[in-house]
J.: 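Can you keep this structure in mind? I'll have questions shortly.
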Amino acid sequence: MTVEQTDESAQSAGSAQGQASAEGIQPDARSGMQSSLLYNVERFALPSLLILVLIFFSVWPKTGSLFASAANFQEVGSDYVYIGMLALASLLPLVCGEFDFSVGSNAGFTQIVAATAMARFHVPLPFAIMLAIAFGAAVGLGNGNTVSRVGVNSLIVTLGTSAILLGVVEWYTGSQSINIGISPSLVNFGSERTFGVPDMCYLLLGVALVVYYVLQHTPYGRYLSSVGSNPRAARLVGLQVDRLKLTAFVLAGALAGVAGVLLVAKNGSATPEAGSVTDTLQALAACYLGATSIRPGRFNVPGAMLAVYFIGFSVSGLAIAGVQSWVSQVFSGAALFIAVVVSTVIGRRRAGGA
Amino acid sequence: MVSASAENPGAGGNVVPALAGDPALGEPLVPRPWFALSVWHVSKNFPGTKALDDVSIDVTRGTIHCLLGANGSGKSSLIKILAGVYRADPGGTVTVESDTIDADRTSPEWARSSGLHFVHQDLAIFNSLSVAENLAIGRGFPVHALTKAIRWRALRRHARTVLQRFDVDVDPRRLVAELRPSGRTMVAIARALQDQSDASEGVLVLDEPTVSLPAAEVDILFDALKRYARAGQTIVFVTHRLDEVVRLADRVTVLRDGRVAATLEASEVTNEKLVELIVGRALDHDIAASSVLDGEDLVLEVSDLSAGSLRQVSFGLRRGEVLGVAGLVGSGRTTLLTTLFGVQPPVHGTVKLDGSPVSFSGVDQAMDAGLGFVPEDRSESAFVNMSLRENLSAAEVPKYWRGLRLRERAEAADARQSIVDFSIKAISERQPFATLSGGNQQKAIVARWLRRRPKLLLLDEPTQGVDVEARGEIYRLVRQAVASGSSVIVVTSDFEELARVSDRVVVLTRGRITGEVRGPDIDPSRLTELVLSAAPDSDESRLEASQP
């Protein structure tokens, strides 16, 4: 045993990762029990909150009659499909440790692509949808290449992309909406219901299931989380870190393309104002909020979807109660803020304390 | 003050030759301006270890005094006591100039105020700031009295004066990142000494400043240090490179096992003598036999491999053999492993695996060929926010991809098996990796590769920051793998450990293989001797390693 070794073990004992106390079984087991209780409380905090919100606005006399109606549920359901889709798009880069700040603007861009294809070039609906997705994916390819090949911070790259897309949309449309020539079947899809549930909700559910499957049940999803957890270690277990990041951005772009089509379906038109940075922020907020539950500490699909509708129903309830619209904004901001603070504190306690 | 003040300073050590013409010897109570720094009877015990045992050293003003010793000799403990990071056991004293303090009461503040200035291996220099800003950091920027804005012109003027004084020929406005490596070290030195009014004031302590410097840069740095010393600057230079001592030192103190082995004058210093003092016994004069391995059963044949700091490295590795690599930080030992693992391509040379040449353009190809790599730093191997299960299977995820699903149940069962097989202490395989102790994390990472039954496992400092028990277990696991046919290359600075686990050890010095020891000849002091005494820069003395 040499002195240097003493130093090292002393240092590692002090670090969060190498808690000396975890050596014996006893303290380990105890801290594990504590954290597993905490873990479960944390896991179901967001679903419980969602249920509480639903109950509260249904019983509150001021909102009850309007809030607890099928019409309101249908409206909130379809209104937030678009944000839900953006959240799914944001999720993939987030899982591998990168930001995509351009998903909202990308949706705004691809709605114009889809609408223009139908209105100006009379492209049949399926091809218009494919075009929108392809354009979205191309934007993602640009983002991904700049991030992974050149190594620029993804926040900066995608902020730039976002601004460029907004500008391009304004230039191309001359700030005019595209109202005429939209495929009626697309518009119908935006408003029709099956078994009382808006069709768009089924689409969101379907895409969410696919993304969940990809992230949770395929090696690709595991690789993305590994890259997000520790890119250098990921490289040393043979993962192509750059390529994985690139694909995450491309998929995010493609999903933003789907979101763009949903915008046209919902609004029956393509308006340059739709699809904005605010939408991106809401989607990112949902992802972060969702990361505090179901699988705490990790970005996950069910959590993000719950978060989207937690915000959706809360905002709807507040609106029915007659609060001014700025309150809703403050509410979703505050929800994100509190969720992230709480999960950071709990996460730190779990990693370091015990 | 010291009770045994009349004693010879080296009474506890082995030899301390009296300094010629030293009038102060034997009169330690009188202020001794002769010595800029005196360490008297300093001891330091760690639980179970005696890091320093009655160490006394006098450093004469205006000289370069080297402090030399192997890993664990106590030199870093001594430096930490001087810097106030550690406190020594009660009893000794430290004197800087005429400022004496009990050795158990040193503190960073005291070190600063008494005139001890430290420049550590990582220079704590900010690459993205200018030279002038770097000089001002920690000292304070000159600011405008009213607006508190930085007075840039005054800052640059000060920087220019300081740089001139230390003979550093750079524009203070340049970014440190643009300087050559020796320039950065010199800026760090200038920063440490800038407030001395006079060169003969204070003591500059350099703690292994040359570890990551190329040879040409070392020359530039040494010229500068000699100039400073001539101007009256006292310099304590900590190193474990003998050639540096021979070139630089006015006097050298060798530490061994926490004691002063000897203090020598420059005229008495020879490479051999230093090695004897460091290792503690006479030198073996027979040079390590360079062995030629026969072609049979060679898993790995490396010939003429150059990459990064590696220069024409050649060696072979048999099936079921543990090959140790002994070398200092910066010897190219990590480059050797990462190059074999396909992290970066070799510049030159060939690698044969099972007799057929391979060239990996990525880690995945190396893994397909049966290689595994445990990096030196756990931050390059651990997925701390993922579960133990996911960490264990990180290198074989596709194995669980069956019928369009990741079979998590099978993965969990394997993880539980690994927890037993590799004696990982964990409550469950679902446990977040961050909540495991360092030793258990490391066991899991070694297990990650052993599960794949690697043909060749590369271990870089596999027991760094790991407790003694886990250390033993890790090597037991490695031994098991070897028994079932894996071959292992292990790099570690702990020569005792290297001696215990290796069948054969090659010595790597500044990118070249300079020696080889096998079987019964492997012992820690022999390895220390070989690592320290190799003279890598002259090609004649280079020993050819095993040529397959």
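Reminder, nothing fancy here: chain letters follow the sequence lines and each chain counts from 1.
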J.: At a 4.5 Å cut-off on heavy atoms, which part of A:R298 comes close to chain B: side chain, backbone, both, or neither?
T.: side chain
J.: Does one side chain, of B:D460 or B:T334, offer a donor that lies under 3.5 Å from an acceptor on the other?
T.: yes
J.: Given that the side chain runs from C-beta out, which part of B:P375 has a heavy atom under 4.5 Å from chain A: side chain, backbone, both or neither?
T.: side chain
J.: Please examine the side chains of B:S493 and B:E461, heavy atoms only from C-beta on, and report whether any two atoms are closer than 4.5 Å.
T.: yes
J.: Check each atom of A:Q216 against the heavy atoms of chain B and say whether the ones under 4.5 Å are side chain, backbone, both or neither.
T.: both
J.: Ion pair present between B:K425 and B:E473, side-chain N to carboxylate O less than 4.0 angstrom?
T.: no
J.: With only heavy atoms counted, which part of B:M367 is less than 4.5 Å from chain A, the side chain, the backbone, both or neither?
T.: side chain
J.: Any idea which of A:P219, A:S225, A:G228 has the most non-hydrogen atom pairs under 4.5 angstrom with chain B?
T.: A:P219
J.: Does any heavy atom of chain A fall under 4.5 Å from the side chain of B:Q365, the backbone, both, or neither of them?
T.: neither
J.: B:R407 versus chain A, heavy atoms under 4.5 Å apart: side chain, backbone, both or neither?
T.: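 Answer is neither: B:R407 stays 4.5 Å or more from chain A.
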J.: Around atom OH of A:Y202, are there more than 12 heavy atoms of other residues, nucleotides or ligands at under 6.0 Å?
T.: yes
J.: Examine whether an atom of B:I445 lies under 4.5 Å from a heavy atom of chain A, and if so say whether it belongs to the side chain, the backbone or both; otherwise answer neither.
T.: neither
J.: Does a salt bridge link B:D377 with A:R232, judged by any charged N lying under 4.0 Å from a carboxylate O?
T.: no
J.: Pick from B:E408, B:E411, B:K44: which one has the most heavy-atom pairs with chain A under 4.5 Å?
T.: B:E411
J.: Under a 3.5 Å cutoff, is there a donor and acceptor pairing between the side chains of B:T492 and B:D494?
T.: no
J.: According to the interplanar angle, ranging from 0 to 90°, do the rings of B:F373 and B:F341 count as parallel (below 30°), tilted (30 to 60°) or perpendicular (above 60°)?
T.: tilted
